[in-house]
Number of protein chains: 2
Amino acid sequence: MVISARVHYACVAMLELAIQHDDGAPVAIREITDRHGIPGPFLVQILRSLRALGWVQSIRGSQGGYRLSVDPTTITLLDIAEAIGSQEAGCRTEGKGTPIATMLQEQWDDAADASRSILGQATLSGLVERTQQGDASMFYI
Amino acid sequence: MVISARVHYACVAMLELAIQHDDGAPVAIREITDRHGIPGPFLVQILRSLRALGWVQSIRGSQGGYRLSVDPTTITLLDIAEAIGSQEAGCRTEGKGTPIATMLQEQWDDAADASRSILGQATLSGLVERTQQGDASMFYI
DNA sequence: AGATACTTGACTAAAGAGATCATATTTATA
DNA sequence: TATAAATATGATCTCTTTAGTCAAGTATCT
Ligand code: FES
Ligand code: FES
């Protein structure tokens, strides 16, 4: 479970869209990049991936932008990390199956499962709620 | 917590040395590479790191090899992964500290801690015991 | 002496990460 | 309808890390 910049930015973007989910207007890329110091063209790449997943919807032209197209209670950080992040490398000694390698693989899997269990509980809506409790800024209309 | 080939090989080597810990004779690199298909010169690099940590001891010359120089009950997979693996990248939005980034960082930390907790319980001696129960091969004299 | 085995430092190839750019297309609005 | 504001797309690029390699040297046992 390696959290690359790509994954982090994807999560930031999804959270920003979740915050303005009830609002009607789409969110422009600029709004997100300005707020978080993310390189614009890089975020474009990432949003394309998110759109391909069906998680966001894009509106072109003036006043365009992006909108969340899924229920924020159903998407977790785990979903984003696994969809956007690089594929798990997989066991290198696959096929050899020495007792030691097999047992080690179990340990790595156990450790990864523990991580996944945490991230799988972190829904977008849950996190949005938390950040809005934390600081009292107003995002809702 | 990314488990690279380097970390995996280090764990394999430490476990092989732990298995023959009570035995007097040192273990040659060849024994380990043959058994696990690890590139020889690569394992040499890794054993140098392990020696620098004070975890193994090398005996040169004919009949030479490596020996564990620590108590296998005190070293865990977590210790090896953190010592041999790459440094944690650290937060990219450090200093900005937007509420979202801060909150995300907490989630990544929580997930990493969960992994660490698992790997921190896996001592070399514990794992050796498990592999020897699993298959009945005789390593002890 | 000769075989065996570790020592050391430098080196290389391939992959992945993190962007960046130029050009095209769509849409609201003045 | 002209214009500005946005996204769309595909290619390219640089940097770092990872994994692996090589050659020449040194120590020790028999
Ligand atoms: S490569 Fe197989 S367990 Fe690490
Ligand atoms: S870069 Fe700061 S939490 Fe991901």
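- When all heavy atoms of B:Thr73 and B:Thr123 are compared, the pair lying nearest together is O-CG2, 3.5 Å.
- As judged by a 4.0 angstrom heavy-atom cut-off over every strand, A:Ile29 is placed among residues touching the sugar-phosphate backbone only.
- Regarding B:Ile84, its CD1 atom lies at a distance of 15 Å from the C1' atom of D:dA19, rounded to whole Å.
- Applying the side chain to side chain donor-acceptor pair (under 3.5 Å) test to pairs two or more places apart or on separate chains, none has a residue in residues 51-63 of chain A.
- For the pair A:Ile46 CD1 and C:dG18 P, the computed distance is 9 Å after rounding to whole Å.
- The separation between B:Leu47 atom CG and C:dC6 atom P is 9 Å, rounded to whole Å.
- Contact check, B:Arg51 against C:dT8: a side-chain N or O comes under 4.0 Å of OP1 or OP2.
- For the pair B:Leu17 CG and C:dC6 C1', the computed distance is 14 Å after rounding to whole Å.
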*Go through the steps for A:Leu17 and A:His21 under the test side-chain contact (heavy atoms from CB on, under 4.5 Å), then give the verdict.*
CA-CA 6 Å; A:Leu17 297 189; A:His21 187 225; over 6 Å; no

*For nucleotides 21-30 of chain D, read 5' to 3', which letter fits each nucleotide if B means a protein heavy atom sits under 4.0 Å from the base, S means only the sugar-phosphate is that close, and - means neither?*
B---BBBBB-

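- Taking CG of B:Leu119 as the start and CD of A:Gln107 as the end, the distance is 7.0 Å to the nearest 0.5 Å.
- Considering only residues two or more places apart in sequence or on other chains, A:Arg6 meets the side chain to side chain donor-acceptor pair (under 3.5 Å) condition with A:Gln45.
- Within the 4.0 Å cut-off from OP1 or OP2 of C:dT7, at least one side-chain nitrogen or oxygen of B:Tyr66 is found.
- Residue B:Arg30 is out of contact with every strand shown, counting any heavy-atom pair closer than 4.0 Å.
- Atom CZ in A:Arg48 sits about 10 Å away from atom P in D:dA11, given to the nearest Å.
- A:Ser69 and A:Gly54 get closest at one heavy-atom pair: OG-O, 3.0 Å.
- Here the C1' atom of nucleotide C:dC6 and the CD atom of B:Glu31 are 14 Å apart, to the nearest Å.
- Contact check, A:Ser58 against D:dA8: a side-chain N or O comes under 4.0 Å of OP1 or OP2.
- The two residues A:Val7 and A:Ile80 come nearest to each other via the heavy atoms O-CG2, 4.4 Å.
- The distance from atom CZ of A:Arg67 to atom C1' of C:dT27 is 14 Å, rounded to the nearest whole Å.
- With rounding to whole Å, B:Ile32 atom CD1 is found 9 Å from C:dC6 atom P.
- Checking the phosphate oxygens (OP1, OP2) of C:dA17, a side-chain nitrogen or oxygen of A:Ser86 falls inside 4.0 Å.
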